[in-house]
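Report on the structure given below.
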Amino acid sequence: MNIITGASGTGKSALIKAIDYCLGSGQCELPAHIRRRSVAVGVKWVRGNEEIVVGRIIPPVGQATSTQLFVMTGRNLPIPATINDFVGPTNLESAKAQIERAFGIGDLGGEAEPGRTVRGRATVRHATPYLFVTKEVIDSETVLLHGLERADKAPDLVASMPYFLGAIDDASAIQERRLKQLQRTLDREEAKASARAKADTALRQRAFGLLVEAGRLGLTPPPAEGASETELLASLQQAQSTSTAANAYPGEGEIAELQRRRTSILVDIEAARGQLRSARAALRDANGFEAAVTRQHKKLGLAEHLDLQKIAGVCPVCEAPSEKGRETAQALRQTLDVVRAESAAIERVQPRLAGHEIELQDRIRGLNNGLREVDGQIRSWLQQSADTRRLASLAQAKAHLQGRVSYFLEASAEEPRQSLPDLNVLRAQIAELEAQVDRETKRIKLRRAETKISQFASDILAQLPTVAPCVGSELEFTVRGPEVVLIEADSDAVLRMPDVGSDQNYLAIHIALSFALQRHFEAITAPVPGLLVLDQISRPYFPARDDDADEREIAGGQEDEDIQAMRRHLDFLFAEIQRRTGLQVLLIEHAYFADDPRYVGSTRERWTRSSGRALIPNDWPVRPDV
């Protein structure tokens with residue numbers, strides 16, 4: 001336990017900003033007073049015999065950040081006294097990578113493109129919610145962890161939680177992220193292919209209709225039903241260059257044939273739709289029957305533990321000869337055999353029904369495409385008949401059609417004709433990765449982590465001062481959100497943070513969750529430093545006032561409920577530190593408990609008004625570059 005107390009405005013809270021800045025923050029948030037009188041900030045991390053010193057240049061006021069960092073690793077490293085003592089100059093990304101390796105955050109690769117982030121990739125920046133309990137968090141009813149209040153950062157912090165909670169390892173994280181990237185790529189390409197297919201279908205239908213008209217006028221042979229788009233365009237080129245000559249008007253027999261085909265297609269569509277409805281009804285019945293069979297099998301499954309083969313032929317009460325027991329056992333065995341057979345039958349039928357449903361859907365789509373094509377031919381016939389009657393001669397009709405063909409060819413030539421990628425290759429890669437990514441195991445591990453953290457948090461909450469409805473209640477932590485809910489002791493009601501009320505309760509919940517996470521991290525050896533920085537747990541008890549800006553010293557005497565509550569918090573902190581081996585707590589406080597030897601012995605700095613001491617003393621000179 002390390003405690004720093006002092007008056008308001010002495011730079012206590014800036015310690016968190018300094019540590020965060022040395023963890024690769026994209027922006028320097030140190031106050032202007034510090035930035036005008038300091039040129040660099042550094043943090044030394046220690047784990048066993050391994051040490052790492054990270055230093056970073058402080059930008060002058062008006063400049064958002066600095067990309068100049070220094071990283072030095074080794075043993076027994078001295079703390080630099082000047083900038084000249086910093087070694088290992090590097091850029092921001094390289095520095096963060098070295099810190100991640102020191103913390104144990106795996107090399108997850110997959111760097112983002114410039115200006116973009118890789119969702120779900122764990123970095124050192126995603127460990128900060130578990131290290132800092134800032135003034136924005138410590139008694140908040142809306143912000144659960146540091147950084148979640150920022151809409152631009154929260155999604156990445158939440159996406160990396162399964163990694164830090166031990167639900168996935170480095171390899172699984174890489175595979176899962178790669179799978180999501182491929183799925184997004186497949187969705188984009190399928191959308192492009194669908195749009196291209198619609199455009200190609202419309203183009204083909206229009207070209208086919210023009211060729212049907214050209215065939216009636218004798219400009220080209222009638223188009224084949226299965227002709228490709230390229231063949232249709234080539235035939236249109238031929239029709240455009242063919243010299244005009246008189247020919248017959250469109251025949252009435254052709255429209256009759258088209259109407260007959262249209263009626264036949266409509267009948268087929270209606271029949272297919274009826275079959276599809278029947279297949280879906282059968283599939284629903286099968287699913288319902290499967291559920292009933294499963295429930296019956298579970299009930300009858302109890303009989304399997306009775307050893308039905310060894311039922312005696314006597315009454316278990318009077319030992320008189322009786323076949324009733326054997327008859328009942330035989331009936332149970334027969335019933336179990338029937339239920340098993342029905343379950344197996346359902347397993348065989350369900351896939352066939354699902355496949356039949358897909359086949360019917362494909363057939364209906366094909367019939368609809370054929371219907372649109374026939375409708376286009378009918379429209380073309382009607383239009384040609386009207387145009388032919390309107391024009392003075394068949395030669396004029398041909399010339400008019402050739403003009404339409406020419407306009408169509410010019411318009412279609414301007415459309416991009418890019419080749420589409422082979423989506424089967426992409427689908428094969430996704431299928432291979434899906435076989436490797438075990439999402440069910442991840443879900444189970446994540447739920448176990450949530451349960452353990454909830455148990456830790458509930459145990460800690462019972463040790464902290466609270467008021468109703470928190471007294472005797474349990475905490476339930478979930479990553480989804482993330483969120484903490486309170487299970488009320490008497491009513492088992494589920495209360496969310498806004499329902500809890502009282503800053504004292506919010507403080508206790510945040511303290512309980514922060515230490516519960518640290519307990520879990522220690523248990524699974526997570527790549528999160530054993531450090532918690534608490535920014536004034538006395539906020540709910542001693543609100544800051546303009547006339548009380550100095551350190552508040554407490555030394556015996558009559559104590560109210562607020563002081564007694566603070567002492568309970570301190571008792572928990574010192575007890576937790578005593579029972580843990582890998583945890584360091586940095587407590588930034590406005591209050592100083594002079595009568596508590598533990599508190600006095602753990603206090604490293606006292607920045608009071610009378611002493612004139614502060615993080616940056618007022619007599620420090622101003623930097624020459626600001």
Side-chain angles (χ1 to χ4, degrees), residues 16-29 41-43 45 47 50 52-56 64-73 88 90-134 137 144-181 442 446 449 479 482 514 517-518 520-521 524-533:
I16 295 178
K17 300 181 185 298
I19 299 173
D20 188 53
Y21 187 53
C22 285
L23 287 176
S25 173
Q27 189 170 6
C28 179
E29 297 181 349
V41 63
V43 178
W45 300 87
R47 181 178 62 185
E50 302 176 14
I52 178 172
V53 174
V54 182
R56 192 170 184 183
T65 188
S66 170
T67 58
Q68 188 174 5
L69 287 90
F70 301 86
V71 180
M72 178 171 55
T73 59
T90 184
N91 56 41
L92 180 60
E93 294 303 321
S94 297
K96 288 196 292 187
Q98 293 185 55
I99 299 172
E100 289 165 8
R101 286 194 292 271
F103 286 179
I105 300 175
D107 185 8
L108 301 184
E111 291 295 336
E113 299 175 3
R116 300 185 62 183
T117 59
V118 179
R119 180 65 50 81
R121 180 187 181 275
T123 70
V124 67
R125 298 301 307 154
H126 300 145
T128 56
Y130 317 114
L131 307 181
F132 306 135
V133 187
T134 60
V137 175
L144 191 61
L145 295 170
H146 171 69
L148 293 182
E149 74 278 8
R150 297 186 55 177
D152 58 331
K153 302 294 184 183
D156 292 321
L157 296 176
V158 175
S160 65
M161 276 189 177
Y163 173 76
F164 287 108
L165 296 183
I168 56 176
D169 55 17
D170 298 344
S172 299
I174 294 174
Q175 291 175 345
E176 186 170 336
R177 189 171 64 249
R178 175 61 178 161
L179 177 60
K180 291 179 180 178
Q181 291 172 346
K442 172 188 173 182
L446 194 59
V479 172
S514 298
L517 286 167
Q518 284 291 339
H520 179 69
F521 293 149
I524 65 173
T525 318
V528 179
L531 170 68
L532 264 181
V533 187

Practice problem: List the atom of G147, the atom of K153, and the distance in Å for their closest heavy-atom pair. | Solution: O-CB, 4.1 Å

Exercise. Heavy atoms only: give me the nearest G24-R125 pair and the separation to one decimal.
Key: O-CD, 3.5 Å

Quiz item: Rounded to the nearest 0.5 Å, how far apart are CZ of F132 and CG of L532?
Solution: 10.0 Å

Quiz prompt | Closest contact, heavy atoms only, L131 versus A127 | solution = CG-O, 3.4 Å

Practice problem: For side chain to side chain contact (heavy atoms under 4.5 Å, CB included), just list the numbers for M161 and Y130, CA-CA rounded to whole Å, side-chain angles, deciding distance to a tenth of an Å, and then say yes or no. | Solution: CA-CA 10 Å; M161 276 189 177; Y130 317 114; 3.2 Å; yes

Exercise. Could you tell me which non-hydrogen atom of L165 sits nearest to which non-hydrogen atom of F521, and how far apart they are?
Key: CD2-CE2, 3.9 Å

Quiz prompt | Beyond-backbone contact of L145 with L517, side-chain heavy atoms, under 4.5 angstrom | solution = yes

Practice problem: Would you check if Y21 and S66 make a side-chain contact, meaning some heavy-atom pair closer than 4.5 Å? | Solution: yes

Quiz item: So, R56 versus T65: side-chain donor-acceptor pair below 3.5 Å or not?
Solution: yes

Self-check item: Heavy-atom side-chain proximity of P482 to L148 below 4.5 angstrom
Solution: yes

Quiz item: Under a 4.5 Å cut-off applied to non-hydrogen side-chain atoms, are L69 and L92 in contact?
Solution: yes

Exercise. Report the distance from atom CG of D20 to atom NE2 of H146, rounding to the nearest 0.5 Å.
Key: 5.0 Å

Quiz item: Do you know the tightest heavy-atom contact between A95 and V71?
Solution: CB-CG2, 3.7 Å

Exercise. Kindly compute the distance separating OG1 (T123) from CD (E93), expressed to the nearest 0.5 Å.
Key: 9.0 Å

Practice problem: Taking E100 for its side chain and V124 for its backbone only, find out whether a donor-acceptor pair lies under 3.5 Å. | Solution: yes

Exercise. Test side chain to side chain contact (heavy atoms under 4.5 Å, CB included) on Q98 and T90 and set out the steps.
Key: CA-CA 10 Å; Q98 293 185 55; T90 184; 4.2 Å; yes

Practice problem: Tell me, with the steps shown, if I99 and W45 meet side chain to side chain contact (heavy atoms under 4.5 Å, CB included). | Solution: CA-CA 10 Å; I99 299 172; W45 300 87; 5.6 Å; no

Quiz item: Shortest non-hydrogen contact from V479 to V158?
Solution: O-CG1, 4.2 Å

Exercise. Output, in order, the C-alpha distance, side-chain angles, deciding distance and verdict of side chain to side chain contact (heavy atoms under 4.5 Å, CB included) for V53 and F70.
Key: CA-CA 8 Å; V53 174; F70 301 86; over 6 Å; no

Quiz item: How long is the gap from OG1 on T128 to CG on L531, to the nearest 0.5 Å?
Solution: 11.5 Å

